[in-house]
Trainee: 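Following this message is one structure expressed as structure tokens.
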Amino acid sequence: MSKIDSNTITIYNSLKGEKEIFKPISAPNLGIYVCGPTVYSNVHLGNCRTFLSFDNIVRYFKFLGYNVRYVRNITDAGHLVDDAEQGEDKISKKARLEKLEPMEIVQKYTLDFHQVLSQFNALPPSIEPTATGHIQEQITMINAILDKGLAYEANGSIYFDVKKYNAEGGNYGELSGRNIEDLMAGSRALDGQSEKKNPQDFALWKKASPEHIMRWDSPWGVGFPGWHLECSAMGTKYLGEQFDIHGGGMDLKFPHHECEIAQGKACNGVSPVNYWMHANMLTLNGQKMSKSTGNTLLPEELFSGKNDLLEKAYSPMVVRFFMLQAHYRSILDFSSEALNASEKGFHKLMEAKSALNNLMYKPGVVSETADKKVKDLIADCYANMNDDFNTPKTIAVLFELVNKINKMLAEKAIDLSEIVFNELKEIFNGFIEDVFGLKPEITTNNGKLDVVLELLIGMRNNAKQNKDYALSDQIRDELNNIGIQLKDSKEGTTYTIK
RNA sequence: GGUCUCUUGGCCGAGUGGCUAGGCAGUAGUCUGCAAAACUAUCUACGCCGGUUCGAAUCCGGCAGAGACCUCCA
């Protein structure tokens, strides 16, 4: 029985508002689309949380043996600073401010995005399409929606007709739980005369004003695509008219994802996505991290410790572990105190992993109780991940296994059968490395360091035998100050580099 | 203002109608020359007020506080 068949996954589907059993369209193939960043500035830590949440989800699917096509776009055009009426394209604005070509901005921040995610050990997507690379596909989609009569042209721009879409059986609001009567009643009166028939209509194509630098020819004149359209066009192109999972940050639920559903249904006649997943926000000082309000923390500031909010630097792996300790659908508040706790926990976990891998199996007295306990804990790891990717609960189980590993080390006895012992190794490593993407932190160990430390440990042991504790403690304490911790046990002294 | 969500011990954070989450911190013990690490034991909970129930922190209602979306945001 394959792991795919033996693990039934439940997913909280935002569209239904409840957990559902996940039924892929054509297992073992699986299509997932995640909304990527708008590359007009550096990705901040809050952005990273969403991408890391979905990285873990994709990793778990792969771990189970799914053949995942993971599409994550780069938004490099069409995203307006204000609203669809008189907004300026975000990339264009930044290009004007930095006196660069828009594509220089795009390149600069795309590279930053890739570099940051790679530091966090996130897997690259299978396809990473850009909005500007799919103008034709977007135009084709607009034409299809126009043909259905669900969009209209106004002064060189094309708008989606939400009211008509709903009148003809559409259900705009189904994802975000809004009804359009409320939206109409509650919408602010816009200054000036709107081109839109109704305020909730959204742009599929915008006419470019003369000063707008990013512009393309279209059947309706020179302009640029609306933001919501790119994801619909690229999702359809690479994953089909209907695919398994669409993910993104909670803040994209409305209007972005709501509009995607409407566009997909209007164009193709089917709801584009079976399972909508939304990752919750990372907050700083109790407020959402947001580029526009400046309440942000950059990964680089975290890794270097150069920020007033931070007591010290934290490694990417510690930050990743910190995020894993909260469920992806919960708000997570960032603080130095919380990170400190995670840092210690992370080291404890990784040290147990390394100790386990160095432990050779020796036949001894096998305890059936111990065997069963370990097997149950392994099953719990799967069960917890199967339950809407509950990473914090899975980590709690891993710590129970840490306890078991340390106990075997302390007692110098393995009371597990060889089969269970090997399974423990395989699963413990598998969950930490493959599913959670946690790897040992980079050390400068090139082999010579081992020899140097063996030498120092030997010198310290001599000093201890001569009761020269001043010297032995000096060696221990000074090594500790530079992050090398000596650990004494009856078998001798080992060390850990932090 | 409208829609929705959250409120757990010193901190961070899971979770369930009755059974120890876990991490960090604290306390005591084992070990140690002293520590650290590890092991053992252990202390702090479920915003407030009602209701349903044999039993609720968990379900329902009200109140208070916080947040998200309604405009660009992961």
Side-chain angles (χ1 to χ4, degrees), chain A residues 17 34-38 40-41 43-54 75 79-85 87-88 90 173 176-179 182-183 185-188 190 200 227 247-256 258 278-283 286-293 296 321-322 325-327 329-335 337-349 351-352 355 380 384 387 390-400 402-403 405-407 409-411 464 467-469 472-473 476-477 480 485-490 493-496:
Chain A
V34 173
C35 288
T38 305
Y40 71 100
S41 63
V43 277
H44 59 67
L45 209 60
N47 298 318
C48 292
R49 185 185 182 203
T50 295
F51 302 125
L52 292 176
S53 293
F54 286 104
T75 296
H79 210 154
L80 302 177
V81 175
D82 294 314
D83 59 40
E85 289 305 301
E88 185 179 8
K90 286 196 169 186
S176 54
R178 282 156 227 263
N179 66 67
D182 285 351
L183 286 173
S187 67
R188 300 173 302 180
L190 290 159
Q200 70 279 5
W227 170 43
M250 196 77 102
D251 48 358
L252 297 184
K253 198 170 176 182
F254 187 89
H256 185 56
E258 192 72 61
H278 290 97
N280 218 136
M281 301 292 103
L282 182 67
T283 61
Q287 304 280 124
K288 175 187 165 185
M289 265 197 210
S290 166
K291 287 180 183 177
S292 52
T293 59
T296 62
F321 179 75
F322 164 72
Q325 282 185 301
H327 187 86
R329 280 193 290 116
S330 299
I331 291 170
L332 174 62
D333 192 56
F334 179 92
S335 70
E337 293 79 3
L339 268 184
N340 284 341
S342 288
E343 186 171 51
K344 291 193 180 177
F346 173 70
H347 286 136
K348 184 173 174 180
L349 182 69
E351 279 171 37
D380 285 348
N384 289 325
D387 182 14
N390 197 323
T391 56
K393 220 174 164 184
T394 308
I395 285 179
V397 176
L398 290 181
F399 273 107
E400 291 192 48
V402 166
N403 188 258
I405 292 162
N406 284 333
K407 208 175 283 185
L409 290 168
E411 290 168 5
K464 279 167 77 173
K467 297 206 191 301
D468 184 358
Y469 295 124
S472 68
D473 287 357
R476 179 183 71 195
D477 296 341
N480 195 49
Q485 183 182 37
L486 297 186
K487 295 196 237 180
D488 295 330
S489 72
K490 281 181 180 163
T493 303
T494 56
Y495 66 90
T496 310

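Basis for what follows: all heavy atoms, side chains included, without hydrogens, waters or symmetry-related copies. Note on naming: letters A, B, ... go to the chains in the order of the sequence lines (proteins, then strands), and numbering restarts at 1 for each one.
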Trainee: A14(B), OP1 or OP2 - any side-chain N/O from S330(A) closer than 4.0 Å?
Mentor: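 Yes.
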Trainee: Counting only distance, no hydrogens or angles, is the base of G33(B) paired donor-acceptor with the side chain of D473(A) under 3.5 Å?
Mentor: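 Per atom types, the contact qualifies.
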Trainee: State, with a plain yes or no, whether a side-chain heavy atom of E351(A) is found less than 4.5 Å away from one of K487(A).
Mentor: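 With C-beta onward as the side chain, the pair touches.
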Trainee: Just checking G46(A): base, sugar-phosphate only, or nothing, at a heavy-atom cut-off of under 4.0 Å?
Mentor: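 Base contact.
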Trainee: Please tell me if N406(A) has a side-chain N or O lying less than 4.0 Å from either OP1 or OP2 of A37(B).
Mentor: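 For N406(A), the contact criterion (side-chain N or O under 4.0 Å from OP1 or OP2 of A37(B)) is not met.
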Trainee: On the side chain of R329(A), is there an atom forming a donor-acceptor pair with the base of C6(B) - under 3.5 Å, no angle test?
Mentor: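 Side chain to base: no pair below 3.5 Å.
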Trainee: If we call it a pair only when both distances are under 3.5 Å in a Watson-Crick or G-U wobble match, what pairs with G61(B)?
Mentor: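 Partner of G61(B): C49(B).
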Trainee: Could you check how far NZ of K407(A) sits from P of A41(B), rounded to whole Å?
Mentor: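 Spelled out: NZ on K407(A) to P on A41(B) is 7 Å.
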Trainee: Taking OP1 and OP2 of G67(B), is either one under 4.0 Å from a side-chain nitrogen or oxygen of Q287(A)?
Mentor: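 For G67(B), OP1 or OP2 has a side-chain N or O of Q287(A) closer than 4.0 Å.
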Trainee: Go ahead and name the base partner of C24(B); Watson-Crick or wobble counts if both distances stay under 3.5 Å, otherwise write none.
Mentor: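 Pairing partner, where one exists within any strand: G10(B).
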Trainee: By the 4.0 Å heavy-atom rule, please label A410(A) as base, sugar-phosphate, or nothing.
Mentor: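 Sugar-phosphate only.
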Trainee: Between the base of C72(B) and the side chain of S292(A), is there any donor-acceptor pair under 3.5 Å?
Mentor: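 Present.
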Trainee: Using only heavy-atom distances, decide whether a donor-acceptor pair under 3.5 angstrom links the side-chain of R476(A) to the base of A35(B).
Mentor: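 Side chain to base: pair found, below 3.5 Å.
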Trainee: Would you kindly give the CZ-to-C1' distance between F51(A) and A74(B), to the nearest whole Å?
Mentor: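 Those two atoms, CZ and C1', are 5 Å apart.
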Trainee: Below the 4.0 Å mark, does C24(B) have OP1 or OP2 next to a side-chain nitrogen or oxygen of K348(A)?
Mentor: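 Looking at the OP1 and OP2 atoms of C24(B), one of them is under 4.0 Å from a side-chain N or O of K348(A).
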Trainee: Of M289(A) and F321(A), whose closest RNA chain B nucleotide lies nearer the 5' terminus?
Mentor: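 The residue whose closest nucleotide sits nearer the 5' end is F321(A).
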Trainee: Just how far, in rounded Å, is C1' of G23(B) from NZ of K393(A)?
Mentor: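 Rounding to the nearest Å, NZ of K393(A) and C1' of G23(B) are 16 Å apart.
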Trainee: Mark yes or no for a side-chain to base donor-acceptor pair under 3.5 Å between D488(A) and A35(B), with no hydrogen or angle criteria applied.
Mentor: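 Check passes, donor-acceptor contact within cut-off.
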Trainee: Report the residues that fulfil ring pair (Phe, Tyr, Trp, His ring centres under 6.0 Å) with H278(A), sequence neighbours left out, ordered by chain and then residue number.
Mentor: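 Here the qualifying residues are H257(A).
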